[in-house]
A.B. asks: 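Let me give you the structure first, and then I'll get to my questions.
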Amino acid sequence: MSTLMAASNREGKKLNDVIFQAGAAVRQAIAQHGSDAVVNGTLGSFALDDGSVACLPVVEKLFHALPMNEFVCYAPPVGLPGYKDAVIHAIFADQQPDAFIDAVASAGGTGAVHMAIANYSEPGDAVLTSDWRWDAYGALCSEIGRNLQTFSLFDGQRHFNVPHFQAMVNAVCRMQDSLLIILNTPAHNPTGFSLSSDEWDAVIDVTLAQARKGKKMTILVDIAYIDYAGEKNDVRSFMKKFTGLPDNVLILFAFSMSKGYTLYGQRAGALAALSCSKGVIEEFHHVVTYSARAAWSNVNRGAMTILTMIQNDKALQQELEREQRTVFETIRKRSGIFIKEASECQLPALPYQSGFFISIPAHDSAAVCNHLHEDLIFAGPLAMGVRFAVCSVSADKMTGVAAKIKKAFDVVGE
Ligand SMILES: Cc1ncc(COP(=O)(O)O)c(C=O)c1O
């Protein structure tokens, strides 16, 4: 059907967000059976054992103490003074490479991904990411006329698929003069996978080979889950590799306050850029600030103030890191139960290291998820498999879940 009043290029644009739909089914089940009976493995937020979305206490304390002007005043499109340095500190900790760096505020990590696509890929061109991926990348690309292409994240042994990554980078670069690659690591959504140091070396080698042929290469590292991936500097050690890169290789970071600071609804984040070229970073500042002004003008002032306060105060920073560590340990305990039981019942879950989700490949994930509803277990039916949120299910409720998922796989013939 052609469009009614919307412009013709909007034809067929309809959000089909399976995760939000799964959330609606959970709410219905809770209304009918009570929350104790329901296992909600659909949520993209860290939840307490009672299933309610958690807020880090230090963030809650600072938020409540904010003066009213932090809620009502505008902020500049680039972000509040001090926010840029706070973001850079939060991204790199002690792993900042020797390079020119800048950051511009964005409406969450989503906004950062949007600004990266808008400014570092050509209209009509392909943007590359892995087949297992955060679903929103597709809409973020197609909304502004880019085309998302994918490489296989895993090979037959379930290791990072360097040959296919290389093949896809080379194939796309034969068709276009520049390429934006999106890598969500560490603690990838939806698998919990993180690139190792050697795998990062391989990614950089493949990228440099194209840069030597004159292609403009940009890697966007989506670090939405980095604060729950392990020891702060260990999980950031790959960042030191971005030293001495040629001027036609740009590294971007999508920073989000949603997960690490439990401020999902406050919509604050940043796009950061790193290059050996001062000119590249000056250009980044101008084009990305322009995008911010045109997309949302400016973002949540209070959230930016909270990040700046924490990053500028050693005691607050330690408090935050202690609380993040508790969240990490809690998720580790929950995921540990799932992984142990999955291996006992031979449920072929993908290799999980850390993060909010574990995934299991399936041909008909919707059928598996529908079958699970009989046990009042709810999971996300993704195109490539079933995503289960280990961030939101208590250890008590987690016990037995893997076996029930295995049973659902068997029943639907997976
Ligand atoms: C992989 C990934 N990147 C980025 C985001 C962006 O989150 P937000 O826009 O809330 O900061 C999310 C949120 O779910 C995510 O899963």
Side-chain angles (χ1 to χ4, degrees), residues 15 17-20 22-23 41-47 53-56 59 79 83 87 90-91 103-118 127-141 143 148 150 153 180-195 219-229 235 252-272 291-292 295-296 299-300 302-304 306-307 327 331 350 352-359 380 382-384 387-392:
L15 193 63
D17 195 315
V18 292
I19 301 299
F20 284 119
T42 68
L43 209 58
S45 316
F46 172 70
V53 173
C55 181
L56 297 177
V59 171
Y83 184 63
V87 164
I91 291 177
V104 174
S106 64
T110 307
V113 176
H114 161 73
M115 296 204 293
I117 296 168
V127 170
L128 188 67
T129 193
S130 52
D131 51 359
W132 285 98
R133 65 180 182 278
W134 183 42
D135 203 40
Y137 294 148
L140 283 160
C141 283
E143 176 69 358
L148 189 67
T150 59
L153 180 59
L180 172 66
I181 302 166
I182 305 177
L183 297 173
N184 171 211
T185 183
H188 173 257
N189 171 9
T191 67
F193 172 75
S194 299
L195 280 177
I219 301 177
L220 171 65
V221 195
D222 182 347
I223 54 167
Y225 298 89
I226 198 164
D227 292 315
Y228 308 118
V235 300
L252 302 176
F253 293 90
F255 169 78
S256 167
M257 289 190 72
S258 294
K259 327 282 170 182
Y261 295 76
T262 57
L263 285 178
Y264 315 88
Q266 296 300 315
R267 314 308 306 137
L271 181 65
S291 281
W296 45 73
V299 306
N300 190 303
M304 288 193 278
I306 286 175
L307 185 82
V327 172
I331 298 175
L350 291 169
Y352 169 92
Q353 290 160 47
S354 57
F356 280 20
F357 311 105
I358 290 180
S359 283
L382 306 185
M384 294 187 61
R387 186 186 85 168
F388 190 80
V390 286
C391 58
S392 66

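We count ligands from 1, going down the list as the structure has it; atoms in each ligand are counted the same way. FYI, side chains are in, hydrogens and waters are out, and symmetry mates aren't considered; it's all heavy atoms of this structure.
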A.B. asks: Quick check on contacts: which atoms of ligand 1 are under 4.0 angstrom from a heavy atom of Asn184?
C.D. replies: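 In order of numbering, the contacting atoms are 1 (C).
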A.B. asks: Is the shortest distance from a heavy atom of Tyr225 to ligand 1 less than 4.0 Å?
C.D. replies: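 Under 4.0 Å: yes for Tyr225.
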A.B. asks: Look only at the side chain of His188 and the backbone of Leu195, and say whether a donor-acceptor pair between them is shorter than 3.5 Å.
C.D. replies: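 No, His188 side chain to Leu195 backbone: no donor-acceptor pair under 3.5 Å.
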A.B. asks: To the closest 0.5 Å, what do you measure between OG (Ser359) and CZ (Arg387)?
C.D. replies: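 Answer rounded to 0.5 Å: 7.5 Å.
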A.B. asks: If we only consider heavy atoms of Arg267, is any one of them less than 4.0 Å away from an atom in ligand 1?
C.D. replies: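 For ligand 1, residue contact (heavy atoms, under 4.0 Å) with Arg267 is present.
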A.B. asks: When you look for heavy atoms under 4.0 Å from ligand 1, do you find them on the side chain of Thr110, its backbone, both, or neither?
C.D. replies: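 Looking at Thr110 and ligand 1, atoms from backbone and side chain both fall under 4.0 Å.
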A.B. asks: Asp227: what forms a salt bridge (Lys or Arg N to Asp or Glu O under 4.0 Å) with it, not counting sequence neighbours?
C.D. replies: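 Arg236.
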A.B. asks: List ligand 1 atoms under 4.0 Å from Gly108, heavy atoms only on the residue side.
C.D. replies: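 Listed by number with element: 9 (O), 11 (O).
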A.B. asks: If I apply the N/O under 3.5 Å rule, does Tyr264 come out as touching ligand 1?
C.D. replies: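 No, Tyr264 has no N/O under 3.5 Å of an N/O on ligand 1.
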A.B. asks: Which donor-acceptor pairs under 3.5 Å do side chains of residues 260-268 form with protein atoms, sequence neighbours excluded?
C.D. replies:
| unit_1 | atom_1 | unit_2 | atom_2 | d |
| --- | --- | --- | --- | --- |
| Tyr261 | OH | Gln311 | NE2 | 2.9 |
| Thr262 | OG1 | Leu56 | N | 2.9 |
| Tyr264 | OH | Phe46 | N | 3.1 |
| Gln266 | OE1 | Asn300 | ND2 | 2.7 |
| Arg267 | NH1 | Tyr264 | O | 3.0 |

A.B. asks: Using a 4.0 Å cutoff against the non-hydrogen atoms of Ala224, which atoms of ligand 1 qualify?
C.D. replies: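 Within the 4.0 Å cut-off of Ala224, ligand 1 contributes 2 (C), 3 (N), 4 (C).
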A.B. asks: Quick check: closest heavy atoms across Ala270 and Val87, and the distance to 0.1 Å?
C.D. replies: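 Reported closest heavy-atom pair: CB-CG1, 3.7 Å.
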A.B. asks: Can you name the one residue among Phe356, Trp134, Phe193, Phe255 that meets ring-ring contact (aromatic ring centres under 6.0 Å, His included) with Tyr225?
C.D. replies: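 Among Phe356, Trp134, Phe193, Phe255, the one meeting ring-ring contact (aromatic ring centres under 6.0 Å, His included) with Tyr225 is Phe356.
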A.B. asks: Within ligand 1, which atoms have a heavy atom of Ser256 less than 4.0 Å away?
C.D. replies: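 Here the atoms of ligand 1 in question are 8 (P), 11 (O).
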A.B. asks: May I ask you to identify the nearest protein heavy atom to atom 5 (C) of ligand 1, giving residue, atom name and distance to one decimal place in Å?
C.D. replies: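 Nearest protein contact, heavy atoms only, for atom 5 (C) of ligand 1 is Trp134 CH2, 3.4 Å.
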A.B. asks: Under a 3.5 Å distance rule, please check whether Thr150 uses its side chain to pair with a backbone N or O of Thr129 as donor and acceptor.
C.D. replies: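 No.
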A.B. asks: Within the structure, is a non-hydrogen atom of Lys259 found at a distance of less than 4.0 Å from ligand 1?
C.D. replies: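 Distance cut 4.0 Å: Lys259 passes for ligand 1.
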A.B. asks: Within the 4.0 Å heavy-atom shell around Ser258, which atoms of ligand 1 are there?
C.D. replies: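 Contacts of ligand 1 toward Ser258, numbered from 1: 8 (P), 10 (O), 11 (O).
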A.B. asks: Would you say the side-chain atoms of Tyr228 pair up with the backbone N or O of Lys259, donor to acceptor, closer than 3.5 Å?
C.D. replies: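 The answer is yes, because a donor-acceptor pair under 3.5 Å joins these two groups.
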A.B. asks: Would you check the N or O atoms of Gly111, main chain and side chain alike, for any that come under 3.5 Å of an N or O of ligand 1?
C.D. replies: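 No, Gly111 has no N/O under 3.5 Å of an N/O on ligand 1.
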A.B. asks: Number the atoms of ligand 1 from 1 as they appear, then name those within less than 4.0 Å of a heavy atom of Asp222, with their elements.
C.D. replies: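 This gives 1 (C), 2 (C), 3 (N), 4 (C) as the contact atoms.
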A.B. asks: Any donor and acceptor pair, going by atom type alone, linking the side chain of Thr191 with main-chain N or O of Leu350 inside 3.5 Å?
C.D. replies: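 Not a single qualifying donor-acceptor pair exists.
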